[in-house]
Protein chains: 2
Amino acid sequence: MPDGSARTRTARAKKVPAGEAPAAEPPAKDTARVRSPDAERTRLDIIAVARSEFVEKGLDGASVNDIAARTRTTKPMIYYYFGSKEKLYAAVMEEAYGGMRAVEQSLRLEHLEPMEAVRRLVEVTFDYHADNPDFVRLIAIENIHLARHIAAAPAIAKRNAAVIEIIRALLKRGEQEGVFRKGVDPVDLHLLISSFCFYRVSNRHTWSAIFGRDVETAKHAAAQRRMIVEAVERYLAA
Amino acid sequence: MPDGSARTRTARAKKVPAGEAPAAEPPAKDTARVRSPDAERTRLDIIAVARSEFVEKGLDGASVNDIAARTRTTKPMIYYYFGSKEKLYAAVMEEAYGGMRAVEQSLRLEHLEPMEAVRRLVEVTFDYHADNPDFVRLIAIENIHLARHIAAAPAIAKRNAAVIEIIRALLKRGEQEGVFRKGVDPVDLHLLISSFCFYRVSNRHTWSAIFGRDVETAKHAAAQRRMIVEAVERYLAA
DNA sequence: GTCTATAAATGGATAGAC
DNA sequence: GTCTATCCATTTATAGAC
């Protein structure tokens, strides 16, 4: 089993963790001091193309040949940089969570009334998923593969679990002010919010095939946005 | 593009819809009068094995070789019965929705008070998803493939859209009795319920990788079940 | 209807020159 | 670091005997 990708290694001193063949000294990838500007440019090019291919066709559906063809470089370079198709995919996954994380960090909910803060949290979560269907697809694909690749990269988990603390603080404040009920679990609340925002994007194809409704219609999207906001507000109300 | 699979054809009189090569008279599959009992047995055997392989590895990840190996028959037979890997997958998909549909039909909500009926609807939906993770995976996989295969089989859509009428009737009754608010869209309500029940199963792997919580723990499952019931009840309350 | 054997293409991955 | 050319396993799919 791979360790996620070479990216997680930060210290040059550390050698290959003893097990696989060293494979011709992979490029040391310090974000601080990059070996070659071109190398990093090539690397980002590969990641961008790979992301789009994996989004469209999944891990098994995508082919390294096709990825290489859309790159400015060639197939052996992909293996030189990433070692395998699966490690390339893992590198794509690692970047995928970045956006939502950034949004969550910029929320600054502590300046708002608790109920107002919840509304904002839900709306922001809704909008992010609606605006980033590629992100949603990547997560769905990763779940098909049992989250093997993000499970192998603990850094991802650590950074992402931060939302829970934001929600926990908000719940506590709301309880103390008497506007929220007591005993709500922050992880479960996050589940309630995320599930709706995610599912309406991830399952929009079966949904529109079965119910003949284009979920993405602006009119329905707005109604659904109001719906989840209100559902969460009412659920939390004291 | 295929029409879904040979299964949807009911009349023997109908010939191949003009386009592809007839390919050696595919087995006429009337559920009423089956040609050979063994043939139907073989067919069901293939479907069962294929379902399990597709569930585990997805459409692209599964291989016809592996499916055939686990069957009591051989690879050419799979092509004889289904024509292609993708049509075999489509046949699996067509059966996938059967269970949930059956559950919905047996609900008999009209004998319950509206609020009690909603609770029951939510609980049954929750339990079905929790007890059938394979079903959830198939739907997730189908969405990765843009629901191409169920979109090609309109019969699936028609049968499944029936829940909406059940919900619509329930909402109307609740409104008239004054216990439900007005103006709730039945499709959106179905979305609110389904999203939570589906997502907590479909995304349990990334979820447990990130939040380190096994969603399937009985304790958490029970809490989440109460949560979605209560969230929907409060959302609907007049 | 059911099998053995194989075609034909594509897949991931590398050797080795520069 | 980057490329050309290629290896070899695996894949979907069929031909053809029975």
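Because only heavy atoms are used, hydrogens play no part in the values below, and waters and symmetry mates are left out as well, while side chains stay in. Here is how names work: the chains are called A, B, and so on, in the same order as the sequence lines, proteins then strands, and each is numbered from 1.
In this structure, the CG atom of B:D66 is 6 Å from the P atom of D:dT11, given to the nearest Å. Rounded to whole angstrom, the span from the CZ atom of B:F82 across to the P atom of C:dG1 amounts to 13 Å. The separation between A:R72 atom CZ and D:dG1 atom P is 15 Å, rounded to whole Å. Computed from coordinates, the A:K85 NZ to C:dG12 P distance equals 4 Å when rounded to whole Å. Between A:I78 atom CD1 and D:dG1 atom C1' there is a gap of 14 Å when expressed in whole angstrom units. Here the P atom of nucleotide D:dT14 and the CG atom of B:N65 are 14 Å apart, to the nearest Å. Rounded to an integer number of Å, the gap from NZ of B:K87 to C1' of D:dT12 is 14 Å. Residue A:I67 contributes atom CD1, which lies 14 Å from atom C1' of C:dA13 at whole-angstrom precision.
Listed nucleotides: D:dT12, D:dG1, C:dC3. Nearest to the side chain of A:Y80: D:dG1. The A:P76 side chain lies nearest to D:dA5 when the options are C:dA5, D:dA5, D:dA13. Considering only side-chain atoms of B:A39, the nucleotide from D:dG1, C:dG1, C:dC3 that sits closest is C:dG1. Of the candidates D:dC3, D:dA13, C:dG1, the closest approach to any side-chain atom of B:Y79 belongs to D:dA13. Comparing atom distances between the B:S84 side chain and each of D:dT4, D:dA13, C:dG11 picks out D:dA13 as nearest. With C:dT4, D:dG1, D:dT6 as the choices, the nucleotide that has an atom nearest any side-chain atom of A:K75 turns out to be D:dT6.
For A:Y199 and B:F196, the ring centers are positioned 6.0 Å apart or more.
The salt bridge (charged side-chain N to carboxylate O under 4.0 Å, His left out) test applied to B:R168 returns B:E165, not counting sequence neighbours.
At the phosphate of C:dT2, neither OP1 nor OP2 sits under 4.0 Å from any side-chain N or O atom of B:T73. A close approach under 4.0 Å does occur between a side-chain nitrogen or oxygen of B:Y81 and OP1 or OP2 of C:dT2.
Residue B:A62 is classed as a sugar-phosphate contact, given heavy-atom separations below 4.0 Å to backbone atoms only.
The main-chain N or O of B:H220 is never found under 3.5 Å from a side-chain atom of B:T217 such that the two would form a donor-acceptor pair.
At most 12 non-hydrogen atoms from other residues, nucleotides or ligands lie less than 6.0 angstrom from CZ of A:R108.
Considering NE2 of B:H145 and CD1 of B:I150, their distance stands at 13.0 Å, rounded to 0.5 Å.
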